[in-house]
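Worksheet: the structure to be examined is printed underneath.
Letters A, B, ... are given to chains in the order of the sequence lines, protein chains preceding strands, and every chain is numbered from 1. Atom set for the values below is all heavy atoms of this structure, side chains included, hydrogens, waters and symmetry mates excluded.
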Amino acid sequence: MDFTAKDKMVAILVNMGYPAVDALEAVEKCGLQAEIMELTDYIYAAQMEKQHDVILQEPAYIWPKPPHDNLPSRSRGKRKFCDSRVSLPKEMIGFGVPGHPRYIVERRLPKSALGPPYFYYENVAYSPKGTWETMSRFLDEIKPEFVDSKYFCAAARKRGYIHNLPILNRFRLSPKPPCTIQEAFPDSKRWWPSWDRRTQLNCLLTVVSGFKLSEDIQKRLESCPGATPPKEVQEYVLAKCRKRNLIWVGKNNVAPLEPEEMEMILGFPKNHTRGGTTRLDKFRALGNSFQVNTVAYHLSVLKKEFSYGMNVLSLFSGIGGAEVALHRLGIPLNHVVSVESSEVNKNIFRSWWKQTNQRGTLIEIGDIQHITIDMVGQWIKAFGGFDLIIVGSPCNNLAGGNRVSRNGLDGELSSLFYHYYRILHIVRDMMGR
DNA sequence: AAAAGCATGAGATGAAGA
DNA sequence: TCTTCATCTCATGCTTTT
């Protein structure tokens, strides 16, 4: 290499005001044939890139080390399935539901998953492929417990739960809520046609159908001669009723559920969502909520240990399904940190907190992304630690009803799951885990 | 400006059968 | 093992009304 030529070019660049290190790098990368202009461009681009790297590396959060990305283990021979694939059971009864007991001899939890704190995570069962595998991977490889709330109330609600709770000696809330449409809506019996054999409703969603569909159905039925409509009409009406979760409220007249009826089915107190909200807000809040009886059944195992109360970190609290469940179990809420971004939901929850005369302290946080290590440290210092972290992270990008942005766990809202992972590890670290 | 009304399938799964 | 068929889903975004 011609050292003289190289030194000369570096010297020119240094004279132009560029750092010697950058000048040397530029000459070496671009070669001796390069023009001065080309070299200065290179240095400029390299400097910008470095700056960019610095900006990117600035840690907005300190993320815990992600779990090892297990490759699917393939068996020898023709078997193509991988062992890590989560399969959804046909009957979603998890570790057992009332009436369908199923005895688990042993449930193995990895050491890293053992409490305290206990954690309880929930999301929709029918998520895009691979979603539950990823969630499990981030949550100590615990396999989700899939449970359909149709065993606890009059509507289906297929959800997966990843938790480290004990599962023996669960008990359910009393009184037992109505588990069939007929029990839940006795008044509808007199309008219910014999050819509609539904006994339970489908999943309660965040939107309900409008008046137009009911009108259309009524017209079709009334244009039929005779007592019972022909098969085609029956099937058409039934399909609509199933899809839009309609019940019979008059002669040939179907209607969607009212917010108060959804509250009842989901196990909330009457008028829980009353406080100053629009109809749309109520449907959205309820459609996104826990089914209280189901969650309470799982949390019931904590009653003995925490009969004097517990400290709860509640992420994505919504309208407070978790807190309502604990309250109805008779577990006092000593300290609750509730993270919820919707003002409407916060109002509903605060209103419940006052109405039930809670004596514990409530700390409200709007955005989970604003939670820092220092904040968690202050909470733990103030009241000792958390006994339970309870989370139902956004399902918007996972739910089957989303036709626009069902793009999985990395979607805009559903990716907030990773903040739960982040915070869970902060809490564990601070509690000496 | 806010609330309500309304149209918009894909994707996954399981059952049944070829 | 491969089709078909039936079923169901914590929703979004545009339009209309209040």
Side-chain angles (χ1 to χ4, degrees), chain A residues 78-81 85-92 121-133 135 144 146-150 153 155-161 197-198 200-216 235-236 238-246 255-259 262-263 265-268 273 276-292 294-295 315-322 340-345 391-409 411-414 416-417:
Chain A
K78 284 183 183 174
R79 296 168 66 190
K80 273 188 283 183
F81 66 86
R85 177 89 184 93
V86 172
S87 61
L88 275 71
K90 183 191 156 199
E91 274 202 313
M92 289 197 189
Y121 175 78
E122 178 261 13
N123 217 317
V124 290
Y126 293 133
S127 294
K129 276 184 178 173
T131 305
W132 278 109
E133 286 80 353
M135 290 171 176
F146 290 106
V147 180
D148 190 338
S149 291
K150 74 176 182 180
C153 69
R157 205 167 186 81
K158 297 176 180 64
R159 298 292 182 267
Y161 304 87
R197 301 188 182 283
R198 288 178 298 160
Q200 288 193 303
L201 294 169
N202 285 328
C203 185
L204 307 187
L205 305 177
T206 57
V207 286
V208 295
S209 74
F211 178 69
K212 227 175 181 178
L213 179 59
S214 298
E215 204 179 38
D216 170 59
E235 281 176 4
Y236 173 84
L238 265 177
K240 291 291 183 190
C241 286
R242 286 182 202 278
K243 182 151 178 88
R244 311 303 309 192
N245 244 0
L246 305 172
L257 295 188
E258 291 296 316
M262 289 176 67
E263 287 168 354
I265 288 179
L266 290 170
F268 286 93
T273 57
T277 59
T278 67
R279 204 173 154 76
L280 193 75
D281 286 332
K282 292 181 184 182
F283 285 129
R284 172 157 298 176
L286 288 162
N288 283 320
S289 175
F290 286 160
Q291 205 287 323
V292 171
T294 312
V295 172
L315 307 179
F316 313 104
S317 306
I319 56 175
E340 171 60 37
S341 60
S342 156
E343 284 301 323
V344 171
N345 290 354
V391 184
S393 74
C395 67
N396 305 46
N397 308 113
L398 311 177
N402 188 343
R403 307 179 184 195
V404 180
S405 53
R406 193 187 188 189
N407 42 19
L409 197 57
E412 188 186 350
L413 291 166
S414 294
L416 290 172
F417 164 81

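With C:dC10, C:dT12, C:dA11 as the choices, the nucleotide that has an atom nearest any side-chain atom of A:V404 turns out to be C:dT12. When distances are taken from the side chain of A:S405 to each of C:dC10, C:dT12, B:dT13, the shortest belongs to C:dT12.
As a whole-Å value, the separation of A:R157 CZ from C:dA11 C1' is 13 Å. What separates CD1 of A:I265 from P of C:dC10 is a distance of 16 Å, to the nearest Å. Following rounding to the nearest Å, A:D148 (CG) and C:dC10 (C1') show an atom-to-atom distance of 13 Å. The distance from atom CZ of A:R284 to atom P of B:dA3 is 12 Å, rounded to the nearest whole Å. Between the NZ atom of A:K158 and the P atom of B:dG14 there is a distance of 11 Å, given to the nearest Å. Separating the CG atom of A:L266 from the P atom of C:dC10 is a distance of 13 Å, rounded to the nearest angstrom. The nearest whole Å value for the distance from the CH2 atom in A:W132 to the C1' atom in B:dA12 is 16 Å. Whole-Å rounding puts the A:L238 CG to C:dA6 C1' distance at 14 Å.
Note on A:S393: a base of the nucleic acid sits closer than 4.0 angstrom, heavy atoms only. Residue A:C395 is in base contact, counting any heavy-atom pair closer than 4.0 Å across all strands shown.
Results of the side chain to side chain contact (heavy atoms under 4.5 Å, CB included) test with A:C153 over A:V292, A:I265, A:L204, A:L266 single out A:I265 as the only residue that passes.
No donor-acceptor contact under 3.5 Å links the side chain of A:R242 to the base of C:dC8.
Side chain of A:R406 to main chain of A:L398: a donor-acceptor pair is present (N/O by atom type, distance under 3.5 Å, no hydrogens or angles). Looking only at distances, no side-chain donor or acceptor of A:N202 sits under 3.5 Å from a matching main-chain atom of A:N245. Remark: the backbone N or O of A:R159 is not paired with any side-chain donor or acceptor of A:E122 at under 3.5 angstrom.
Going from atom OG1 of A:T206 over to atom CG of A:D281 covers 11.5 Å, rounded to the nearest 0.5 Å. Note that OG of A:S342 is 13.0 Å distant from CZ of A:F316, once rounded to the nearest 0.5 Å.
In DNA chain C, the stems built from three or more successive Watson-Crick or G-U pairs (distances below 3.5 Å) are B:1-8 with C:11-18, B:10-18 with C:1-9.
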At a cut-off of 3.5 Å, list every protein nitrogen or oxygen paired with a nitrogen or oxygen from nucleotides 5-9 of chain B, distance to 0.1 Å.
residue, atom, partner, partner atom, Å
B:dC6, OP2, A:F211, N, 3.4
B:dT8, N1, A:R403, NH1, 3.2
B:dG9, N7, A:R403, NH2, 3.1
B:dG9, N1, A:G400, O, 3.3
B:dG9, N2, A:G400, O, 2.9

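Here the closest heavy-atom approach between residue A:N345 and residue A:E340 is recorded as ND2-OE2, 3.3 Å. The two atoms that bring A:K282 and A:T273 nearest to each other are CE-O, 3.3 Å, heavy atoms only. Across all their heavy atoms, A:Y161 and A:S149 have their closest contact at OH-OG, 4.4 Å.
Under the rule for a side-chain hydrogen bond (donor to acceptor under 3.5 Å, both in side chains), A:S289 has no partner lying at least two apart in sequence or in another chain.
Between A:T278 and B:dA2 there is no side-chain N or O to OP1 or OP2 distance below 4.0 Å.
With both ends at atom P, the span from C:dT7 to B:dT8 equals 22 Å, rounded to whole Å.
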